[in-house]
Number of protein chains: 2
Amino acid sequence: MATGRTHRPATRSRGIPEATVARLPLYLRALTALSERSVPTVSSEELATAAGVNSAKLRKDFSYLGSYGTRGVGYDVEYLVYQISRELGLTQDWPVVIVGIGNLGAALANYGGFASRGFRVAALIDADPAMAGKPVAGIAVQHTDELEKIIDDNGVSIGVIATPAGAAQQVCDRLVAAGITSILNFAPTVLSVPEGVDVRKVDLSIELQILAFHEQRKAGEEATPPERETAGTGEPGVATTPKPSAAASHRPAAGGPGGTGGHSGDGNRQGPDGDVPAVMPA
Amino acid sequence: MATGRTHRPATRSRGIPEATVARLPLYLRALTALSERSVPTVSSEELATAAGVNSAKLRKDFSYLGSYGTRGVGYDVEYLVYQISRELGLTQDWPVVIVGIGNLGAALANYGGFASRGFRVAALIDADPAMAGKPVAGIAVQHTDELEKIIDDNGVSIGVIATPAGAAQQVCDRLVAAGITSILNFAPTVLSVPEGVDVRKVDLSIELQILAFHEQRKAGEEATPPERETAGTGEPGVATTPKPSAAASHRPAAGGPGGTGGHSGDGNRQGPDGDVPAVMPA
DNA sequence: CAGTGTGAATTCTTTCACAGCG
DNA sequence: CGCTGTGAAAGAATTCACACTG
């Protein structure tokens, strides 16, 4: 819990686990919905279900924030909304700039979820001169030339990159040079940024590939029991590339299947529990 | 096929760790780029840098696939591209349907990253009759009424939901009933699906909130070096903890962030390493 | 030797299960 | 009594570090 926090235990002391931070927005959304329905309190069980996690995890997560619940009763919805918002830094206004107003950029600009969460689209920036001045989501698009000025004038610290992959790094560099310290990147590229700058990536293609992996596994399960390295089965574009000498395949066979028993309770949950990034660019 | 006793261990899809699966697309992208530049081989170090991870992790990941490298040399690019593609199930064609052709849906439809990765947009579906027939990204939008037929006719197993939150669950139910077993959800809602169906969520609002959390932390850290240490071991920095009874107390300026001047060693982490989802809908 | 492959050590997460408070 | 808050146990994921091989 929050109480026993020491003062800077030397290096790395994140306070709240990253995994927990990543779930707070989820709880917040569920709580907001309850709040709108004027529900006064929720139990960890109910809230967990609404957020798509299990109650033990939720309670543990909340325990990092402090003891905001009431034993035998549950959590006060309004109070918790406030506490989580504060923890996430949403009680303040965050101006955001979106660079790259293509299909995706426009979609983001039109997203209504910003304002309601403390975010404000301060500006839309695009490199195409033809876009300049055109209103998107009620905001006039500005040209890239103005980038530095816009960021400076508005004290923006969060930038969203929705440009094509090729322009991403360059835009990123300018954003960082202009003072941006947090970037949400939709371009399918690995951005390199100086220390101190946070980058989160959203990549559709990657998400689909992860789904494909599981999908493939399901299919093979119901039709073919043991999947072998079979090279045949005609490959689309990729041709068999028996390059490396030892083409001998190795079955994954990581640990021993023999299973060390283990097996946790029920399992079965709907959301992909702990994964990674996700979407793409225009 | 409906009665498939699909049992998913929640984690570790029988062989390859979930965390590794989530990174394979990253490696694949980096490898593809190398391939296009006709680079014959790469060392774990180089590839890791290109993918934004560290070499130890990369080697460990690859070890789950098998021994595809050559000691003292590195990995054969083409061969590895094939192996990873196969592992991810990208050597086959995956028809995909996108439901909800608003700003985001259109952006997704226009995304070029599909075809190059084994995905094919089989259909665009929207509930608005006015949209029916209109071409988006070269494909005529079809009405929701056709949903079941489309999925059945094309043998689609992966669906993308880009509808408003309110319609998501309903669309989801129909998709599942029609035979879809993998869903990529852009709507800010927790979808409930029967066992055996995979759901991945992409939520922009959540990503931004996570960034805000870190941003807030940075600000408090640099701006307040000698921050008044947490109330002498008593309460954390958390403002006063009133009582979860009345609530409804919204205070703009956050009191004092719960100290914990952690300061992480590497703030410039490229990929959100072990987090969660990411984007949003129209 | 350079660089992979991997057991072992370490760190982070999740889950269990239950004491204890309202 | 019901439900929170939490130590402790169990499980992943990441990192180390080094034997071993082409």
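Letters A, B, ... are given to chains in the order of the sequence lines, protein chains preceding strands, and every chain is numbered from 1.
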Asker: So, B:E78 versus B:S35: side-chain donor-acceptor pair below 3.5 Å or not?
Answerer: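 Looking only at side-chain atoms, B:S35 and B:E78 do form a donor-acceptor pair, the distance falling under 3.5 Å.
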
Asker: How close or far is atom C1' of C:dA2 from atom CG of B:L47, stated in whole angstroms?
Answerer: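 Value for this atom pair: 17 Å.
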
Asker: Would you please say whether a donor-acceptor pair under 3.5 Å links the side chains of A:T189 and A:Q169?
Answerer: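 A:Q169 and A:T189 do not have a side-chain donor-acceptor pair below 3.5 Å.
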
Asker: Distance criterion of 3.5 Å, no angle test: do you see the side chain of B:R71 paired donor-to-acceptor with the base of D:dT21?
Answerer: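 No.
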
Asker: Report yes if a side-chain nitrogen or oxygen of A:S44 is closer than 4.0 Å to either non-bridging phosphate oxygen (OP1 or OP2) of D:dT4; otherwise report no.
Answerer: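 For D:dT4, OP1/OP2 do have a side-chain N/O of A:S44 under 4.0 Å.
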
Asker: Could you state the atom-to-atom distance from CZ of A:R59 to P of D:dG2 in whole Å?
Answerer: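 That distance rounds to 15 Å.
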
Asker: Report the nucleotide, chosen from D:dA13, D:dC16, D:dC18, that has the shortest atom-to-atom distance to any side-chain atom of B:P17.
Answerer: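 Side chain of B:P17 sits closest to D:dA13.
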
Asker: Near DNA chain C, counting only heavy atoms under 4.0 Å, which residues of residues 32-42 of chain B show up?
Answerer: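 Going residue by residue through residues 32-42 of chain B, none turns out to have a heavy atom under 4.0 Å of DNA chain C.
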
Asker: For A:V73 and A:D61, take the nucleotide of DNA chain D holding the closest heavy atom to each; which residue's nucleotide lies nearer the 5' end?
Answerer: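 Whichever sits nearer the 5' end wins; that is A:V73.
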
Asker: Looking at D:dT4, D:dG22, C:dT15, which one has an atom nearest to any side-chain atom of A:N54?
Answerer: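 The answer is C:dT15.
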
Asker: Within the 4.5 Å heavy-atom criterion, are A:N185 and A:V202 side-chain neighbours or not?
Answerer: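 No - every pair of side-chain heavy atoms lies 4.5 Å or more apart.
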
Asker: Between A:I84 and A:Y27, is any pair of side-chain heavy atoms under 4.5 Å apart?
Answerer: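 Yes, close enough: below the 4.5 Å cut-off.
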
Asker: What is the nucleic acid contact for B:F62, judged by heavy atoms within less than 4.0 Å: base, sugar-phosphate only, or nothing?
Answerer: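 The answer is nothing, as B:F62 stays clear of every strand by at least 4.0 Å.
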
Asker: To the nearest 0.5 Å, how far apart are CG in B:L26 and CG in B:D61?
Answerer: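 The CG atom of B:L26 sits 10.0 Å away from the CG atom of B:D61.
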
Asker: So, is B:K57 near the phosphate of D:dA13, with a side-chain N or O under 4.0 Å from OP1 or OP2?
Answerer: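 For D:dA13, neither OP1 nor OP2 has a side-chain N or O of B:K57 closer than 4.0 Å.
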
Asker: Rounded to whole Å, please give me the gap between CD1 in B:I16 and P in D:dA12.
Answerer: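 Rounded to whole Å, this separation is 16 Å.
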
Asker: Got B:T20 and B:K60 here, is their nearest side-chain heavy-atom distance under 4.5 Å?
Answerer: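 No, too far: nothing below the 4.5 Å cut-off.
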
Asker: Rounded to the Å, how far apart are A:L58 CG and C:dC16 C1'?
Answerer: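 Taking atom C1' of C:dC16 as the reference, CG of A:L58 is at 16 Å.
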
Asker: Rounded to whole Å, please give me the gap between CG in B:L26 and C1' in D:dT14.
Answerer: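 Result: 16 Å.
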
Asker: Among C:dG5, D:dT6, D:dT4, which is the nearest nucleotide to the side chain of A:S43?
Answerer: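 My answer, after comparing the listed nucleotides, is D:dT4.
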
Asker: Between A:Y64 and C:dC12, is there a contact of a side-chain N or O with OP1 or OP2 at under 4.0 Å?
Answerer: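 Answer is no, no contact under 4.0 Å.
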
Asker: Rounded to whole Å, please give me the gap between CG in B:L65 and P in C:dG5.
Answerer: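 Rounded to the whole Å, the gap is 10 Å.
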
Asker: Do A:T91 and A:R86 meet the criterion of a side-chain donor-acceptor pair at a distance under 3.5 Å?
Answerer: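 No, no side-chain donor-acceptor contact under 3.5 Å.
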
Asker: Output the single nucleotide from D:dA8, C:dG5, D:dT15 whose closest atom is nearest the side chain of B:K60.
Answerer: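 For B:K60, the side-chain atoms sit closest to D:dT15.
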
Asker: Measuring to OP1 and OP2 of C:dT14, would you say a side-chain N or O of A:R23 lies under 4.0 angstrom away?
Answerer: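 Result: yes.
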
Asker: Using atom CD of A:E46 as one end and atom P of D:dG2 as the other, report the distance to the nearest whole Å.
Answerer: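 Between P of D:dG2 and CD of A:E46: 14 Å.
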
Asker: To the nearest Å, how far apart are B:E18 CD and D:dG11 P?
Answerer: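 Interatomic distance, CD of B:E18 to P of D:dG11: 18 Å.
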
Asker: With a non-hydrogen cut-off below 4.0 angstrom, is A:G72 in contact with a base, only sugar-phosphate, or nothing?
Answerer: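 Base: the residue A:G72, judged by heavy atoms under 4.0 Å, touches a nucleobase.
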
Asker: Does a side-chain heavy-atom distance below 4.5 Å link B:Y75 with B:V81?
Answerer: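 The answer is no; the side chains never approach within 4.5 Å.
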
